[in-house]
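All heavy atoms count here, side chains included; hydrogens, waters and symmetry mates do not.
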Amino acid sequence: QVQLVESGGGLVQPGGSLRLSCVASGSIFRVYAMGWYRQAPGKQRELVAAITSGGSTNYADAVKGRFTISRDDAKNTVYLQMNSLKFEDTDVYYCDLVARTWVGAGTMDYWGRGILVTVSS
């Protein structure tokens, strides 16, 4: 089984910063990408940022220039540095892992339970 554990969320004032972390553990044969999504109540989950095993990154337009995604392959960990936070960044943030659990398995998405980020004055 694969487990993803997110940390680093919480309450922050507008203009402030937070750093999210997500550690992947379990039976992982190969990681292809890791990323962060967010979802507000009643809305679809949307991509925030993703990073491939080769280091390519992709960001939602709404966070470009403010958020930075990075990863530590040795620790199977992905980070999301969030700066200049805005009210509209308030959401539940979910960690995503695209991986294979063994050589014969297909590529699958695995999700964390989500962590709340609240931007409020």
> Measure centre to centre between the rings of Phe67 and Trp36, then say whether the value is under 6.0 Å.
no
> Less than 4.0 Å between a side-chain N and a carboxylate O, is that true for Glu46 and Arg38?
yes
> For the NZ atom of Lys75 and the OG atom of Ser25, what is their distance to the nearest 0.5 Å?
14.5 Å
> If you apply the rule side chain to side chain contact (heavy atoms under 4.5 Å, CB included), what do you find for Val98 with Thr107, and how did you get there?
CA-CA 7 Å; Val98 180; Thr107 303; 3.3 Å; yes
> Do Met82 and Ile51 share a hydrophobic cluster, counting only Ile, Leu, Val, Met, Phe, Trp and Tyr and linking them when any side-chain heavy atoms are less than 4.5 Å apart?
yes
> Would Arg30 count as a cation-pi partner of Trp102, with NZ or CZ less than 6.0 Å from the six-membered ring centre and within 45° of the ring normal?
no
> So, taking the atom named CG in Asn76 and the one named CG in Leu97, what distance separates them when rounded to the nearest 0.5 Å?
7.5 Å
> With a 4.0 Å cut-off on N to O distance, would you call Lys64 and Asp61 a salt bridge?
yes
> Please check if the side chain of Thr90 supplies one atom and the backbone of Val119 the other of a donor-acceptor pair under 3.5 Å.
yes
> Nearest 0.5 angstrom please: Ser121 OG to Gln13 CD, how far?
7.0 Å
> So, taking the atom named CG in Asp96 and the one named CG in Leu47, what distance separates them when rounded to the nearest 0.5 Å?
8.5 Å
> Using the rule given for side chain to side chain contact (heavy atoms under 4.5 Å, CB included), can you reason through Cys22 versus Tyr79, listing the C-alpha separation, both sets of side-chain angles and the distance that settles it, and then say yes or no?
CA-CA 6 Å; Cys22 172; Tyr79 305 97; over 6 Å; no
> Under a 4.0 Å N-O cut-off, is there an ion pair linking Asp91 with Lys43?
no
> Could you measure the distance from the CG atom of Asn83 to the CZ atom of Arg19? Nearest 0.5 Å is fine.
11.0 Å
> Are the side chain of Glu6 and the backbone N or O of Cys95 linked by a donor-acceptor pair below 3.5 Å?
yes
> Is any side-chain N of the basic residue among Arg71 and Asp73 closer than 4.0 Å to the acidic one's carboxylate O?
yes
> Could you tell me whether Arg113 sits above the aromatic face of Tyr94, with NZ or CZ closer than 6.0 angstrom to the six-membered ring centre and within 45 degrees of the axis?
no
> Looking at OH of Tyr37 and CZ of Arg45, how far apart are the two atoms once the value is rounded to the nearest 0.5 Å?
9.5 Å
